[in-house]
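Please read these numbers as outputs of a predicted model, since none were measured by experiment. All chains are named by letter (A, B, ...) in the order of the sequence lines, taking the proteins before the strands, and each is independently numbered beginning at 1.
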2 protein chains.
Amino acid sequence: MANIYDIETYEPSESIGYLMTRVKVEMLAALDRELAADAHLSALGVTSAQFVVMVRLVGTADRKSASDLCKDLSYDAGAMTRMIDRLEKKGLVRRMRCVKDRRLIYLEATEAGRAAYPRMLEISVAVQNRFLRGMEPQDARRLRDYLARMLHNAG
Amino acid sequence: MANIYDIETYEPSESIGYLMTRVKVEMLAALDRELAADAHLSALGVTSAQFVVMVRLVGTADRKSASDLCKDLSYDAGAMTRMIDRLEKKGLVRRMRCVKDRRLIYLEATEAGRAAYPRMLEISVAVQNRFLRGMEPQDARRLRDYLARMLHNAG
DNA sequence: CTACAATATCAGCCTAGGCAGATATATGTT
DNA sequence: AACATATATCTGCCTAGGCTGATATTGTAG
């Protein structure tokens, strides 16, 4: 299996790792700016990281525990505890101890959380569309497949 | 110009933003692990973030100031000051006040920095090749072009 | 030349993630 | 049942980035 890069010809500024890191920074920064600027959401002070957690709770079907979220998001467990503290304090999320396995804490979006969600999602979709400007749907599918493969290769 | 995503059909888990954020986390985590595990580099305690700065100093031709690096890397200026403090403390980088514009501080890799660089680069290339496993060179070029376009769209 | 704006670096404060260790619960083994 | 092992959450500590304001220097308008 052929390697993509070799040391002799490797161009850091054009490498996929470099570009991806920068795009990620810029995209989350844009999301943070626009979440903070929104008339309704600014009161909640929702950050991009908090939004990403809300997506997993509201935007996906199955019930999630804190550790599920850590796996879903490549996120540290200690950091997740405090993340949920913040979301709970803002009234967006509820903790519910699982009765079958009392180690688990299931998480649930509150009414307020579900109410705020559509606007957050709208902003996130708009930001992504802006970054994908000029691409055909076929390009976006390819890009998505490349990223999915890389995530798979991460093991 | 058509939007890629619309709210009704948007699937968070398959979105490019979500996937990219996760791939970036996994890739830098892998780089950190392997930099820390390397026999020669572990003594220096070089992190992925520090490596990225070294790339800009050793791996590119032109002389760089701290603020150049901030622009190159979408990095905060205050954080960059401390980043350079750490690299200087490890003996990998030198500060040199510019005589023409005394606000500027040019940065230069030391002998030790240049000596350690090839091995860092080797590890970085290996990590990226692992994440790109199974892709044809044509796919990697496409992926790179997509990312470059997104970075351009960031403005 | 002076006043004012722009730029580069730096220092202080705050926030937040990673890691190690503690506790509680569950699972598997003997 | 007793014990060890694994898992989930939480807490304390450390590191590091973002933001704000301070200082020094440069560029610019009058």
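- Between R102(A) and C98(A), every side-chain heavy-atom pair lies at or beyond the 4.5 Å cut-off.
- Remark: R86(B) pairs with no residue by the side chain to side chain donor-acceptor pair (under 3.5 Å) rule, at least two apart or across chains.
- Remark: side-chain polar atoms of T60(B) are paired, donor with acceptor, to backbone N or O of R56(B) under 3.5 angstrom.
- Residue-level contact check: M80(B) touches neither bases nor backbone, having no heavy atom under 4.0 Å from any strand.
- Ion pairing between D85(A) and K90(A) fails under the 4.0 Å rule for side-chain N and carboxylate O.
- Sorted by first and then second residue, the salt bridge (Lys or Arg N to Asp or Glu O under 4.0 Å) pairs involving residues 107-124 of chain A (not counting sequence neighbours) are D38(A)-R119(A), R94(A)-E108(A), E111(A)-R114(A), R119(A)-E122(A).
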Only distances under 3.5 Å count here; give the side-chain donor-acceptor pairs of residues 148-155 of chain A to other protein atoms, sequence neighbours excluded, each with its distance to 0.1 Å.
{"from": "R149(A)", "atom 1": "NH1", "to": "G134(B)", "atom 2": "O", "distance (Å)": "2.7"}
{"from": "N153(A)", "atom 1": "ND2", "to": "F131(B)", "atom 2": "O", "distance (Å)": "2.9"}
{"from": "N153(A)", "atom 1": "ND2", "to": "R133(B)", "atom 2": "O", "distance (Å)": "2.9"}

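- A salt bridge links D72(A) with K64(A): the closest approach of a Lys/Arg side-chain nitrogen to an acidic carboxylate oxygen falls below 4.0 angstrom.
- dC13(C) atom P lies 12 Å from atom CZ of R82(B), rounded to whole Å.
- The hydrophobic cluster around Y106(B) extends to L104(B), counting ILVMFWY residues whose side-chain heavy atoms fall within less than 4.5 Å of a member.
- Residues from residues 61-73 of chain B placing a heavy atom under 4.0 Å of any atom in DNA chain C, listed by number, are S65(B), A66(B), S67(B), K71(B).
- Evaluation of the side chain to side chain donor-acceptor pair (under 3.5 Å) rule for D6(A) yields T9(A) as partners, not counting sequence neighbours.
- Counting only residues at least two apart or in different chains, ring pair (Phe, Tyr, Trp, His ring centres under 6.0 Å) contacts with residues 22-79 of chain A are absent.
- Distance D76(B) CG to dG12(C) P: 16 Å, rounded to the nearest Å.
- Contacts of residues 85-110 of chain A with DNA chain D (heavy atom under 4.0 Å): R95(A), R103(A), L104(A), I105(A).
- Bracketed by its first and final contacts, the part of DNA chain D lying under 4.0 Å from non-hydrogen atoms of chain B reaches from dA16(D) to dT26(D) in 5' to 3' order.
- Contacts of D68(B) classified as side chain to side chain donor-acceptor pair (under 3.5 Å), with partners at least two apart in sequence or in another chain: S65(B).
- Residues meeting the ring-ring contact (aromatic ring centres under 6.0 Å, His included) test with Y10(A), sequence neighbours left out: Y5(A).
- The stretch residues 40-59 of chain A has no heavy atom under 4.0 Å from DNA chain D, so no residue of it qualifies as close.
- You'll find the side chain of Y146(A) stays beyond 4.5 Å of the side chain of L19(B), heavy atoms only.
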